[in-house]
Amino acid sequence: MNTTHSDISITPFPDALAEAGLQQFYLTPPLVHCLTNEVVQSFTANVLLALGAFPAMVVEAQEAAQFSAAADSLLINIGTLYRARAESMLAAITAANQSATPWVLDPVAVGGLSYRTDFAHHLLVLKPAAIRGNASEIMALSGLTAMGRGVDSLDDSRAALPAARQLAQQTRAIVAVTGAVDYVTDGERVFAVSGGDKLMTRVVGTGCALSAVVAAFCALEGDRLHHVATACWLMSQVGGQVAQQVAGPGSFIPAFLDGLYNLRC
C-alpha cells in the first residue's frame with residue numbers, strides 16, 4: 001500500500017521482491033572491489049563473505065585501476081580520505097567507467113569537512129550507479145543545509161527524502177538515504193525499508209558495510225532500484241532480528257555475520 005507525504009508517493013518495499021533479488025544474488029555472487037574506510041575493512045569483507053560475495057581491497061592506484069576493470073562492482077567510501085587514497089579512487093573509477101563496471105559512492109561525513117565535501121562533489125560528475133548515505137550526508141551532497149556530527153547524522157532520513165530524490169534526478173544514480181527507515185529512490189519511485197535496530201548504530205561499520213552490500217547488488221542485472229532496496233532490506237531485517245537476541249554490541253557483530261550467512265539456509 002502506497003503512502004503519500006506531501007507530493008512524494010512512498011511504497012513499502014515488498015518482501016517478495018527482496019527474496020527474488022536474494023535468489024538472483026546467490027546464483028551470481030559478485031566480486032566487489034572495495035576502496036573503503038580503513039577503520040572497517042575487515043568487517044566489510046566479512047559481511048560480503050557471509051553473504052557469499054567475493055570482496056577485495058586493492059588500494060595502490062595502478063593496481064586499483066586494473067582490478068576495477070575486472071571486478072563486478074566497485075565501492076568508493078571516503079571515510080578515511082587522504083590524497084594518495086583519493087588518487088586511487090579516481091583511477092579505479094576511471095577504469096570502472098571504461099569497463100562499464102557499476103560503482104557506488106558512500107560520502108562519509110560530507111558537509112562537515114571541506115576536503116572530502118569538495119572531493120565527493122567532484123565524484124558526482126563521474127556517474128555513480130548508486131549513492132548510499134545517512135540523512136545529513138545526502139542533504140549536504142545535494143547542496144542543502146544538514147546537521148551532521150562526524151560520521152553521524154542529526155537529521156531524520158524522512159527529512160532528507162526530497163534531497164535524495166533531487167540527487168537521484170541530478171546524477172541518475174539510485175540514492176539510498178538510511179536511518180530508522182531507509183528510503184531508496186531513482187528520483188521518481190521511492191521505496192521505504194523498515195527494520196533494523198538502534199544497536200546497529202553502536203558498532204562501527206554497519207553503514208559502511210551496507211554500502212558494500214549495495215555495491216554487490218548493483219552488479220546484478222535488472223532493476224537497480226529493486227536491487228539497492230534489497231541490499232537495504234536484508235541488512236535491516238537481519239540487524240533487527242539479531243539485535244533482539246544478543247546482550248549488546250560485543251555479541252552483535254558475530255551474531256550479525258551468522259545471520260547474514262544463515263539467510264541462505
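Since this is a predicted model, take the numbers as computed values, not measurements. Because only heavy atoms are used, hydrogens play no part in the values below, and waters and symmetry mates are left out as well, while side chains stay in.
- Under the salt bridge (Lys or Arg N to Asp or Glu O under 4.0 Å) criterion, the residue pairs touching residues 104-132 are Asp106-Arg132, with sequence neighbours excluded.
- Salt-bridge annotation for Arg202 and Asp197: absent, with no side-chain N of the basic residue lying under 4.0 Å from a carboxylate O of the acidic one.
- Going from atom CD of Glu87 over to atom CD of Glu60 covers 10.0 Å, rounded to the nearest 0.5 Å.
- Listed for the Ser157 side chain is no donor-acceptor partner under 3.5 Å among the backbone atoms of Val177.
- Using a 4.5 Å cut-off between side-chain heavy atoms of Ile, Leu, Val, Met, Phe, Trp and Tyr, with links allowed through other members, Val59 and Phe119 fall into the same hydrophobic cluster.
- Side chains of Leu126 and Trp103 form a contact here, defined as non-hydrogen atoms less than 4.5 Å apart.
- A donor-acceptor distance shorter than 3.5 angstrom exists from the side chain of Thr117 to the backbone of Gly111, with no hydrogens or angles considered.
- To the nearest 0.5 Å, the span separating OG on Ser251 from CD on Gln245 amounts to 10.5 Å.
- Rounding to the nearest 0.5 Å places CD of Glu188 at 11.0 Å from OG of Ser9.
- Looking at Ser68, its side chain never comes within 3.5 Å of a backbone N or O of Ala65 through a donor-acceptor pair.
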Step by step, would you call Leu48 with Cys34 a side chain to side chain contact (heavy atoms under 4.5 Å, CB included)? CA-CA 10 Å; Leu48 290 173; Cys34 301; 3.8 Å; yes
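- Met89 has its side chain within reach of Ile78: a pair of non-hydrogen atoms, C-beta onward, lies under 4.5 Å apart.
- For the salt bridge (Lys or Arg N to Asp or Glu O under 4.0 Å) condition, the pairs that include at least one residue of residues 32-55, sequence neighbours left out, are Glu38-Arg85.
- Looking at heavy atoms from C-beta onward, Leu74 lies out of side-chain contact with Val104 at the 4.5 angstrom threshold.
- Between Pro29 and Ala53, the shortest heavy-atom distance links the atoms CB-CA, 4.4 Å.
- Among all heavy-atom pairs drawn from Phe25 and Leu51, the shortest one is CE2-O, 3.4 Å.
- Using bins of under 30°, 30° to 60° and over 60° for the plane-to-plane angle, the ring pair Phe252/Phe256 lands in the parallel bin.
- Between Phe191 and Thr230, the closest side-chain pair of non-hydrogen atoms is not below 4.5 Å.
- At a threshold of 4.5 Å between non-hydrogen side-chain atoms, the residues Asn77 and Leu35 do not count as touching.
- Shown here are the side chain to side chain donor-acceptor pair (under 3.5 Å) partners of Ser99, two or more places apart in sequence or in another chain: Thr101.
- Listed for the Ser73 side chain is no donor-acceptor partner under 3.5 Å among the backbone atoms of Val32.
- No donor-acceptor pair closer than 3.5 Å links the side chain of Asn37 to the backbone N or O of Cys208.
- Closest approach of Ala120 and Val110 over heavy atoms only: CB-CG2, 3.6 Å.
- Here the OG1 atom belonging to Thr185 is positioned 10.0 Å from the CG atom belonging to Leu167, to the nearest 0.5 angstrom.
- By the 30° and 60° cut-offs, the orientation of the rings of His227 relative to Phe217 is tilted.
- Between the CG atom of Leu31 and the CZ atom of Phe67 there is a distance of 4.0 Å, given to the nearest 0.5 Å.
- Between the side chain of Gln166 and the main chain of Ser142, a donor-acceptor pair closer than 3.5 Å is present.
- A chain of hydrophobic side-chain contacts below 4.5 Å, direct or via other Ile, Leu, Val, Met, Phe, Trp or Tyr residues, connects Leu124 to Leu90.
- Residues Val184 and Val190 have side chains not in contact (no heavy-atom distance under 4.5 Å, counting atoms from C-beta outward).
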Evaluation steps, side chain to side chain contact (heavy atoms under 4.5 Å, CB included), between Val108 and Glu137: CA-CA 7 Å; Val108 178; Glu137 292 160 351; 4.3 Å; yes
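- Heavy atoms from other residues, nucleotides or ligands lying under 6.0 Å from CD of Gln170 number more than 12.
- Residues Val47 and Thr206 are not in side-chain contact: their nearest non-hydrogen atoms beyond the backbone lie 4.5 Å or more apart.
- The two atoms that bring Leu225 and Asp186 nearest to each other are CD1-N, 3.8 Å, heavy atoms only.
- Contact check for Val214 versus Ile131: no side-chain heavy atoms found under the 4.5 Å cut-off.
- Other residues, nucleotides and ligands contribute only 12 or fewer heavy atoms inside 6.0 Å of the CD atom of Glu221.
- The heavy-atom pair separating His33 from Ala71 by the smallest distance is CB-CB, 3.9 Å.
- The only member of Ile10, Val175, Val193 that meets side-chain contact (heavy atoms from CB on, under 4.5 Å) when paired with Tyr183 is Ile10.
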I would like to know whether Asp72 and Phe54 meet side chain to side chain contact (heavy atoms under 4.5 Å, CB included); could you show each step before the answer? CA-CA 10 Å; Asp72 296 308; Phe54 303 99; over 6 Å; no
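- Under the 4.5 Å side-chain heavy-atom criterion for ILVMFWY residues, no single connected hydrophobic cluster contains both Leu49 and Leu263.
- When all heavy atoms of Thr44 and Ala212 are compared, the pair lying nearest together is CG2-CB, 3.4 Å.
- Remark: the backbone N or O of Val58 is not paired with any side-chain donor or acceptor of Glu63 at under 3.5 angstrom.
- There is no side-chain donor-acceptor pair under 3.5 Å between Asp182 and Trp233.
- Rounding to the nearest 0.5 Å gives a distance of 10.5 Å between CG of Leu22 and CG of Asp15.
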Tell me, with the steps shown, if Ile138 and Thr178 meet side chain to side chain contact (heavy atoms under 4.5 Å, CB included). CA-CA 9 Å; Ile138 296 302; Thr178 55; over 6 Å; no
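- Listed for the His121 side chain is a donor-acceptor partner under 3.5 Å among the backbone atoms of Leu141.
- Gln241 contributes no side-chain N or O that, together with a main-chain N or O of Val238, makes up a donor-acceptor pair within less than 3.5 Å.
- Under the 4.5 Å side-chain contact rule for hydrophobic residues, Val228 and Leu17 share a cluster.
- Under a hydrophobic-cluster definition in which Ile, Leu, Val, Met, Phe, Trp and Tyr are linked whenever side-chain heavy atoms come within less than 4.5 Å, directly or via other members, Val203 and Leu260 are assigned to the same cluster.
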